[in-house]
Amino acid sequence: MIHRWNVSPKEAISIQKSLKDKLIFKPFNKTPTYVAGVDLSYIDNKSLAVIVVIDSKFNVVEITYHIDEIKYPYIPGLLAFREGPVFLKAWQKIKTNVNLVMFDGHGIAHPRKLGIASHMGLWIKKPTIGIAKKKLVGTYDEPSNTKFSFSYLWHNGEKIGIVLKSRENTKPIFISPGHLIDLDSSLNIVKKYITKYKLPEPTRLAHIYTQKLKNEIIEKE
DNA sequence: GCGACAG
DNA sequence: ATCTTGTCGC
């Protein structure tokens, strides 16, 4: 336990400010054997977290999930306080030795440099990367319409992420390091997991399974 | 005060 | 995230 989750928005913000300095950024050049993707969906008053683990050939080797009551509202900048607890419970069920985790949301591309990917990285002590579909903070130039062309996301005078055109004729994705990895390594790893779709396989598959599981649960009620 | 605002 | 069918365009 690093801290409590049942906190007010003000307390949450102070927690983020104190955790930010614990982040570590370093090169990650090895080829990961197992990479996990995380995504959530909502059913009535419950949230469903799904973790998909794939190997280097993009084969799914493990899937775990956890359903819990929604205990925190969605507040921009405090996403981890809404989705973090559910993810952590699903994470406890993972048996595979995961080498890196990709999250739906930002890493350090956050007002206090502690988006959900960074925050969760501190909890699980694993390299993490944030993959977001929209920016939260920062400015950038629109990358050209060519696969893998990119530009940097800047905030307060520093490079906090990469805006990548992962596929032609599609809005770019925002990549930022979470924990135990740096910006350049994050881009290289993510590119390796992009096939013909907008999102890298870990996150893309997690999203598919979270929707699939959700529908299976809905028809049974 | 106004606009922005991950999922 | 979620409510929701077809439709335009690469």
Any donor-acceptor N or O pair under 3.5 Å, side chains A:Asp182, A:Ser185: yes
Is the closest basic N to carboxylate O distance between A:Lys71 and A:Glu83 below 4.0 Å? no
Rounded distance (nearest 0.5 Å) linking atom CD1 of A:Ile181 with atom OG of A:Ser118: 11.0 Å
In whole angstrom, give the distance that lies between atom NZ of A:Lys135 and atom P of B:dC5. 5 Å
Hey, does A:Leu78 reach any base, or is it just sugar-phosphate, or nothing, if we go heavy atoms under 4.0 Å? base
How many angstroms lie between CZ in A:Phe81 and CD1 in A:Ile13, if you round to the nearest 0.5 Å? 9.0 Å
In whole Å, I'd like the distance from the CD1 atom of A:Ile131 to the P atom of B:dG7. 11 Å
Can you tell whether the side chains of A:Arg204 and A:Asp39 come within less than 4.0 Å, N to carboxylate O? no
From CG of A:Leu136 across to C1' of B:dA6 the rounded distance in Å is 5 Å
Hey, would you say the A:Tyr152 and A:Phe150 ring centroids sit under 6.0 Å apart? yes
From NZ of A:Lys134 across to P of B:dG3 the rounded distance in Å is 18 Å
I'd like to know if A:Asp68 and A:Lys46 make a salt bridge, using a cut-off of under 4.0 Å between side-chain N and carboxylate O. no
Interatomic distance where CG belongs to A:Asn145 and C1' belongs to C:dG9 [whole Å]: 13 Å
Name the nucleic acid region contacted by A:Gly130, choosing base, sugar-phosphate or nothing; use a 4.0 angstrom heavy-atom cut-off, strictly under. nothing
Tell me: NZ of A:Lys113 to C1' of B:dA6, nearest whole Å? 17 Å
For residues A:Val101 and A:Ile2: do they belong to one hydrophobic cluster (side chain heavy atoms under 4.5 Å, members Ile, Leu, Val, Met, Phe, Trp, Tyr)? yes
Taking pairs as Watson-Crick (N1-N3 plus N6-O4 or O6-N4) or G-U wobble (N1-O2 and O6-N3), each distance under 3.5 Å, the stems of three or more consecutive pairs with DNA chain C are none
Is A:Val52 reachable from A:Ile208 through a run of I, L, V, M, F, W or Y residues, each pair having side-chain heavy atoms under 4.5 Å apart? yes
Quick test: give all pairs of protein nitrogen or oxygen and nucleotides 1-7 of chain C nitrogen or oxygen below 3.5 Å, distance rounded to 0.1 Å.
from  : atom 1 : to       : atom 2 : distance (Å)
C:dT2 : OP1    : A:Tyr42  : N      : 3.3
C:dT2 : OP1    : A:Lys214 : NZ     : 2.9
C:dT2 : OP2    : A:Gln211 : NE2    : 3.4

Could you tell me how far apart A:Arg112 (CZ) and B:dA6 (C1') are, to the nearest whole angstrom? 12 Å
Separation of A:Lys46 atom NZ from B:dG7 atom C1', in whole Å? 19 Å
